[in-house]
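Throughout, protein chains are lettered first and strands after them, A, B, ... in sequence-line order, and every chain is numbered starting at 1.
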Amino acid sequence: MSEVRVRFAPSPTGYLHIGSARTALYNWLYARKTGGKLILRIEDTDLERSTKASLDTIIEGMKWLGLDWDEGPYYQSEHSAEHTEAAKKLLAEGKAYKCFCTKEELDQKREAAKEAKAEYGYDGTCRNLSAEEVAEKEAAGITSVIRFKIPDGIGEVVFEDKVYGRLEKRYSDLEDFVIVRSDGSPLYLLSNVVDDLRDGITHIIRGQDGLGNTPRQVLLYEALGAATPIYAHMPLTLDSKKAKISKRKHGEAVAIHFYREMGFIPWAFCNFIALLGWSPGDDREIFSREELIENFSLDRINRSNSVFNIQVNDPKFFTDPKALSINAHYIKTIDISELAGMVKPVLERAGIWEESYEGEKREWFLSTLDLIRERFHTLNNFAEGGRAYFDDSYEVEERALKRNIVKSPELREILPKLGERLEKIEGFDGEDVEREMRAMAEELDLKPGTIINGVRTAVTGQLAGPSMFAALGAIGKERVIDRLKNVDWLFKKAEAL
RNA sequence: GUCCCCAUCGUCUAGCUUGGCCCAGGACACCGGCCUUUCACGCCGGCGACAGGGGUUCAAAUCCCCUUGGGGACGCCA
């Protein structure tokens with residue numbers, strides 16, 4: 001059996017979104033699994049809408065996701081001569097014909113048919129023009145498009161889809177479609193087939209929205225005297241209202257770069273989208289690259305569409321909760337030095353990165369990450385909820401302020417005093433600190449929790465976090481004492497509430 | 001309007017090919033409890049689905065039909 005060759009063929013008319021990323025991922029997985037090749041081909045024949053900026057974000061997105069390709073990028077627009085050549089061949093063989101209907105006429109007919117609730121396919125006006133009629137119209141300077149001629153008779157196109165099984169389409173349900181515009185430029189249906197032929201594509205893995213094109217493309221392969229590739233149509237990704245995901249409607253929340261900006265680990269994101277329409281057949285949901293490649297197969301792709309459950313205006317989730325939970329899983333379990341490499345750019349962007357984290361403070365940096373990563377969901381959390389561990393510029397959470405400061409105004413005096421007491425103790429290990437706090441609580445006849453939670457709020461700005469004493473150890477004696485002695489800002493904030 | 005595809009918890013899904021092991025399993029979310037100085041940590045528990053109706057069969061989530069619902073395609077877009 002010959003080598004598997006698959007392709008990812010985006011059109012550069014926007015950013016890479018969830019749906020296209022998943023298509024890219026499935027193609028990549030299949031190529032890697034079979035030891036085949038993934039070809040990246042840019043379908044830029046729509047010059048009007050294609051942009052360089054869009055192309056760049058698509059490539060960046062692929063790279064960020066870690067989906068590498070073996071050939072390309074190839075550009076469809078560079079092969080338009082081949083496409084029109086193929087069209088001419090079909091024309092010469094009588095498998096296509098020139099159509100002189102104008103766009104306006106056709107639009108009108110389509111509108112009329114729509115209103116009359118009738119079928120609105122092409123009616124075949126120019127299908128049987130004689131050579132003389134064609135010559136006459138051309139002599140009169142009327143421009144024409146080239147239409148592919150659907151075979152006559154009551155036959156049907158039959159093809160096998162890896163996901164949907166055997167599919168058939170009657171010729172009578174197909175209309176003669178345009179393959180070359182009146183300006184001589186080729187159209188997608190044709191270009192796509194010609195390119196796939198040239199690139200030696202063996203398997204076409206694409207979204208189910210391409211299913212309607214398949215019968216026509218199969219006909220094109222046959223007319224061109226070529227064997228058809230193997231098809232695998234994947235179900236679509238819908239939004240929570242069950243509408244197809246689109247850039248226009250959903251904006252940033254479906255853009256790949258959005259997930260990078262929000263602090264996703266690339267592979268965690270791949271892991272998540274892989275599960276939108278595919279499952280291994282058992283309960284596993286977390287896969288390393290190698291495991292996913294190993295387990296992936298086309299025939300375990302679902303047939304039904306899935307919902308990408310984006311939450312809008314949800315204070316807790318900015319995207320599908322499951323995506324977040326998978327990301328959190330990776331944050332918790334990934335190798336700590338690998339995590340450090342991912343947190344670095346986040347801290348840099350937040351302006352709180354220090355070179356020493358890769359030098360003399362590396363030990364401290366790694367153990368601190370390990371301490372706080374437990375309850376984080378995104379990499380950005382390290383610069384948000386984790387900010388106090390790295391810098392003094394942290395904010396205080398309103399909920400923490402209300403619960404731990406507003407209710408205990410006496411802390412305004414107590415916290416600085418605690419700072420002084422801690423200053424006097426020898427070391428700074430958890431036990432000593434804890435003993436000191438509890439002793440102080442007893443002396444003042446307060447619940448230990450009041451002091452401990454007050455300290456948490458003052459020193460980290462957070463309501464939640466790791467064990468307080470471990471946290472203090474990570475932040476360090478000096479900074480802790482400093483923060484405890486200067487709690488006025490907190491109480492001013494509390495008063496301002 | 002025509003054609004095509006799909007249909008299991010709120011969401012992602014397992015089970016459907018080869019009916020019985022499924023009064024349907026897991027994950028996320030949600031709710032409750034425990035742990036604790038705290039928590040979007042952890043642990044334990046709970047809620048929660050075979051769209052509806054007909055068949056076939058000793059037996060149907062699994063097979064067949066109809067209805068309903070959802071999606072897609074029908075461009076001189078890709």
- line: Rounded to whole Å, the CG-C1' distance (Asp173(A) to rC3(B)) equals 5 Å
- prompt: Below 4.0 angstrom, N of the basic side chain to O of the carboxylate: do Arg166(A) and Glu168(A) qualify?
  reply: yes
- request: Take the angle between the ring planes of Tyr259(A) and Phe318(A) and call it parallel below 30°, perpendicular above 60°, tilted in between.
  value: tilted
- request: Establish, with yes or no, whether the OP1 or OP2 oxygen of rA78(B) is under 4.0 angstrom from a side-chain nitrogen or oxygen of Thr13(A).
  value: no
- prompt: Should rG45(B) form a Watson-Crick or G-U wobble pair with both distances under 3.5 Å, which nucleotide is its partner?
  reply: rC31(B)
Nucleotide opposite rC74(B) in a Watson-Crick or G-U pair, distances under 3.5 Å: rG1(B)
message: When the P atoms of rC39(B) and rC35(B) are compared, how many Å lie between them, rounded to an integer?
response: 13 Å
task: Answer yes or no: does a side-chain N or O of Arg166(A) lie under 4.0 Å from OP1 or OP2 of rU17(B)?
output: no
- prompt: To the nearest angstrom, how far is Glu104(A) atom CD from rC76(B) atom P?
  reply: 11 Å
message: So if I take every side-chain heavy atom of Phe317(A) and compare against rA78(B), rA29(B), rG25(B), which nucleotide ends up nearest?
response: rA29(B)
field: Modelled atom types, side-chain donor and acceptor of Thr460(A) and Tyr394(A), under 3.5 Å
entry: no
query: Can a donor-acceptor pair be found between the side chains of Asp195(A) and His79(A) at a distance below 3.5 Å?
result: no
- prompt: Taking only side-chain nitrogens and oxygens of Lys244(A), does any of them come within less than 4.0 Å of OP1 or OP2 of rA73(B)?
  reply: yes
- request: In plain terms, say whether Asp123(A) and Lys109(A) are close enough for a salt bridge, that is, a side-chain N and a carboxylate O under 4.0 Å apart.
  value: yes
field: Side-chain N or O of Arg206(A) closer than 4.0 Å to phosphate OP1/OP2 of rA78(B)
entry: no
- prompt: Has Asn302(A) got a side-chain N or O lying under 4.0 Å from the OP1 or OP2 atom of rA14(B)?
  reply: yes
- request: Name the nucleic acid region contacted by Lys242(A), choosing base, sugar-phosphate or nothing; use a 4.0 angstrom heavy-atom cut-off, strictly under.
  value: sugar-phosphate
message: Does rG75(B) have OP1 or OP2 under 4.0 Å away from a side-chain N or O of Arg110(A)?
response: yes
- request: Going 5' to 3' through nucleotides 32-37 of chain B, assign each nucleotide B (protein heavy atom under 4.0 Å from a base atom), S (under 4.0 Å only from sugar-phosphate atoms) or - (no protein heavy atom that close).
  value: -----B
- request: Searching all strands shown, indicate the nucleotide that pairs with rG69(B) (Watson-Crick or G-U wobble; both distances under 3.5 Å).
  value: rC6(B)
task: Measure from the side-chain heavy atoms of Asp209(A) and tell me the nearest of rU11(B), rA14(B), rA73(B).
output: rA73(B)
field: Heavy-atom donor-acceptor pair, Glu374(A) side-chain to rG42(B) base, under 3.5 Å
entry: no
message: Quick check on contacts: within residues 151-160 of chain A, what sits under 4.0 Å from RNA chain B by heavy-atom distance?
response: none
query: Taking atom types as they are modelled, is there a donor-acceptor pair under 3.5 Å from the base of rC12(B) to the side chain of Ser306(A)?
result: no
query: Distance check: side-chain N/O of Arg300(A) vs OP1/OP2 of rA14(B), anything under 4.0 Å?
result: yes
query: Starting at NZ of Lys316(A) and ending at C1' of rA29(B), how long is that distance when rounded to a whole Å?
result: 8 Å
Side-chain-base donor-acceptor pair under 3.5 Å for Arg303(A) and rC6(B): no
- prompt: Base, sugar-phosphate, or nothing: which does Arg403(A) touch, judged by heavy atoms less than 4.0 Å apart?
  reply: sugar-phosphate
query: Do other residues, nucleotides or ligands put more than 12 heavy atoms under 6.0 Å from the NZ atom of Lys98(A)?
result: no
- request: For the residue pair Tyr164(A) and Gln208(A), confirm or rule out a side-chain donor-acceptor distance under 3.5 Å.
  value: yes
message: Set out, in order, the CA-CA distance, both residues' side-chain angles and the distance that settles salt bridge (Lys or Arg N to Asp or Glu O under 4.0 Å) for Glu443(A) and Arg421(A), then state yes or no.
response: CA-CA 13 Å; Glu443(A) 287 163 29; Arg421(A) 285 175 71 152; 2.9 Å; yes
task: Would you indicate, yes or no, if rC76(B) has its OP1 or OP2 atom less than 4.0 angstrom from a side-chain nitrogen or oxygen of Ser182(A)?
output: no
task: Using both distances under 3.5 Å as the test, list the Watson-Crick or G-U wobble partner of rC22(B), or none.
output: none
